[in-house]
Amino acid sequence: MNDVAISVKGLRKSFKDVEVLKGVDFEVKQGEIFALLGANGAGKTTIIKILSTLLRADGGIAGVCGFDVSRQSAKVRESISLTGQFAAVDGVLTGRENLRLIARLRGIAAPKLTADRLLERFGLTEAADRRADTYSGGMTRRLDIAMSLVGTPPVIFLDEPTTGLDPKARLEVWETVKTLADSGQAILLTTQYLEEAEQLADRIAILHGGKIIAIGTLDELKRLFPPAREEYIIKQPTLEDIFLAITGEKEAEQCVR
Amino acid sequence: MRKVKAVRDTGILFGRLMRHILRSPDTVITTVLMPLAFMLLFVYVFGGAIDTGTGNYVNYTLPGVLLIAIASGVSYTAFRLFTDVRGGMFSRFYAMPVTRSSVLWAHVLTSLAANAVTIAVLILIALLMGFRSDAGVFSWLAAAGILLLFTLALTWLAVIPGLTAKSVDGASAFSYPLVFLPFISSAFVPTATMPAAVRVFAENQPVTSIVNALRALLDSAPVGNEIGIALAWCAGIAAAAYAFAQRAYRRVG
């Protein structure tokens, strides 16, 4: 195995008459956070579903850790974890039970210890024995991501991890994802927010019209655009800035363009 | 090796669903309460006016009451499946190294276990109300077998809306006609007094043969060919529902 965690070549998929993916190519290296940026309906989730063996492609090659997703799906499932667009936690079980369930299904030797460690790492120790349906949006998402890390699979899919979250919860999730980068796992993240891709990803690919139209680091992508002009503008705080200032959750952040 | 894994996965997921049941006592109570209400109503309100030709009316109604309990009990299976599919738990399990069939079988086994408990509770209450049986061990085992097969058949039937429904209500609505079916059967009144058209339906629908077979077994009466018809109905419904359920299951992703 080389250092390529995910490799996608000429990936095609149609739903009825609509061609969603028209030949998508990209590679994600091990230990990299890779963001797939695209509008709603661009096909981001379709790519994630194909890579996580939930959906079959019509054409092209998709490989995870050197295994073909359609022919070696069992091997692929051992190498990945999926955090879907909507948090998939069992609301009736407690946070701890959710983690232990996944640990036992993955055949981990010490499910209890694994659960305790993840609870601590994700700041859920205090809430560990409460039912997950009493958690806030941000906590639910954190538990959701923690469940995906059980057994440290080498490849992690995060499908729109912050869609539908309030600004505070979004920051919580961003902090969480940033800490994942150090673990050496490859992370494929989809998002419709440019800012999220900027904040989290080592490399970004823009999916549009069924193809990747641009790919590279943030700096490389910036070079594709005309050179920056210096302008002085007075930036009004957005409602989000006001919300965060009042709730005191975020240090001031300046953008100079 | 793969079979061992499948059994292990099913066991873990079964434990998860049993926890769901234990933590929502309302579902446990509801599944017992509704059939119990019917039993009380028929025994203490209508029963005196119904001439069944047998002495003990509690004995007469019990099989029908148990079938009603199962028909309403499986709607919770549909509900739990629906929640798992919509809530993303199924996708989470599918993208993991978990045996795919285990995810569904855990729901089916949970349904069998939960309904067995409901039936046991109802039989105990019936005993308090005057239900008596001198049936031997084999008759009881045969009755338990029929009830189990009937539960299995209705559970597979419940799997179909559970996997395909668009709303919670849609997922459990299928059980209403099933709950109603025992009323147009020999479950509470003899079919002989019914008008011809109703009678033809009542005598040829599955509930009547199942009720008659159960009644005969528990009363140590000769079961005749009713038991064969009852088993054929159960097996037929189970096989057809299983085929459609598996088809629906392949489409869920």
Side-chain angles (χ1 to χ4, degrees), chain A residues 45-46 48-56 64 67 69 72-94 96-108 111 131-133 140-141 143-145 147-148 150-151 153 155-160, chain B residues 1-28 76-77 79-107 109-110 114 163 168 248-253:
Chain A
T45 300
T46 306
I48 296 273
K49 280 192 170 171
I50 292 170
L51 286 171
S52 55
T53 75
L54 296 180
L55 199 66
R56 258 177 195 282
V64 173
F67 302 116
V69 290
Q72 295 162 294
S73 54
K75 287 280 184 196
V76 170
R77 283 195 283 266
E78 281 170 23
S79 320
I80 61 162
S81 85
L82 168 67
T83 307
Q85 220 173 89
F86 304 99
V89 308
D90 187 332
V92 177
L93 301 185
T94 66
R96 191 190 305 277
E97 287 169 340
N98 266 295
L99 288 165
R100 283 175 63 182
L101 172 72
I102 302 297
R104 291 176 62 209
L105 285 172
R106 283 198 181 271
I108 286 165
R131 271 170 68 145
D133 54 11
T140 307
R141 207 40 158 164
L143 174 61
D144 193 33
I145 295 173
M147 284 161 76
S148 295
V150 171
V155 173
I156 295 172
F157 299 116
L158 296 175
D159 194 8
E160 302 201 9
Chain B
M1 197 48 214
R2 277 179 68 184
K3 274 193 180 144
V4 176
K5 170 101 173 89
V7 171
R8 225 183 77 90
D9 289 347
T10 310
I12 296 168
L13 293 168
F14 171 73
R16 160 182 177 251
L17 291 167
M18 286 311 284
R19 228 171 242 191
H20 276 224
I21 292 182
L22 292 176
R23 287 192 191 164
S24 47
D26 51 319
T27 65
V28 180
Y76 286 98
T77 302
F79 169 75
R80 283 190 293 269
L81 267 169
F82 177 82
T83 320
D84 266 7
V85 173
R86 291 281 150 153
M89 286 310 277
F90 264 42
S91 295
R92 165 156 267 173
F93 295 142
Y94 289 167
M96 279 173 59
V98 171
T99 317
R100 213 179 144 116
S101 58
S102 297
V103 181
L104 194 52
W105 270 104
H107 278 272
L109 292 180
T110 304
L163 292 173
V168 187
Y249 192 49
R250 277 194 292 274
R251 289 186 187 162
V252 176

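Values in this document were obtained by computation on a predicted structure and should not be read as measured data. Below, each value reflects all heavy atoms present in this structure, side chains not excepted, and no hydrogens, waters or symmetry copies. Throughout, protein chains are lettered first and strands after them, A, B, ... in sequence-line order, and every chain is numbered starting at 1.
- Each of A:L93, A:T83, A:V76 has some count of heavy-atom pairs under 4.5 Å with chain B, and the biggest count is that of A:L93.
- Contact count against chain B (heavy-atom pairs under 4.5 Å) is highest for A:E97 among A:K75, A:R106, A:E97.
- Remark: the backbone N or O of A:V92 is paired with a side-chain donor or acceptor of B:R23 at under 3.5 angstrom.
- For A:R131, the salt bridge (Lys or Arg N to Asp or Glu O under 4.0 Å) test picks out A:D133, with sequence neighbours left out.
- Atom CG in A:L101 sits 6.0 Å away from atom CE in B:M89 (nearest 0.5 Å).
- Closest of all the heavy-atom pairs between B:K5 and A:L105 is NZ-O, 3.6 Å.
- With a 4.5 angstrom heavy-atom cutoff, A:L55 does not touch chain B via any of its atoms.
- Heavy-atom pairs under 4.5 Å with chain B were tallied for A:I80, A:I102, A:T53; the largest tally goes to A:I102.
- Around atom CZ of A:R100, no more than 12 heavy atoms belonging to other residues, nucleotides or ligands sit under 6.0 Å away.
- Checked against side-chain hydrogen bond (donor to acceptor under 3.5 Å, both in side chains), B:T10 has the following partners two or more places apart in sequence or in another chain: B:S102.
- Of all the heavy atoms in A:D90 and B:H20, the pair that sits closest is OD2-NE2, 2.7 Å.
- Considering all non-hydrogen atoms of both residues, B:G88 and A:A88 come closest at O-CB, 3.4 Å.
- Just one of A:S52, A:S81, A:S148 meets the side-chain hydrogen bond (donor to acceptor under 3.5 Å, both in side chains) condition when paired with B:R92; it is A:S148.
- For B:F90, no part sits under 4.5 Å from any heavy atom of chain A, backbone or side chain.
- Rounded to the nearest 0.5 angstrom, A:I48 CD1 and B:S91 OG are separated by 12.5 Å.
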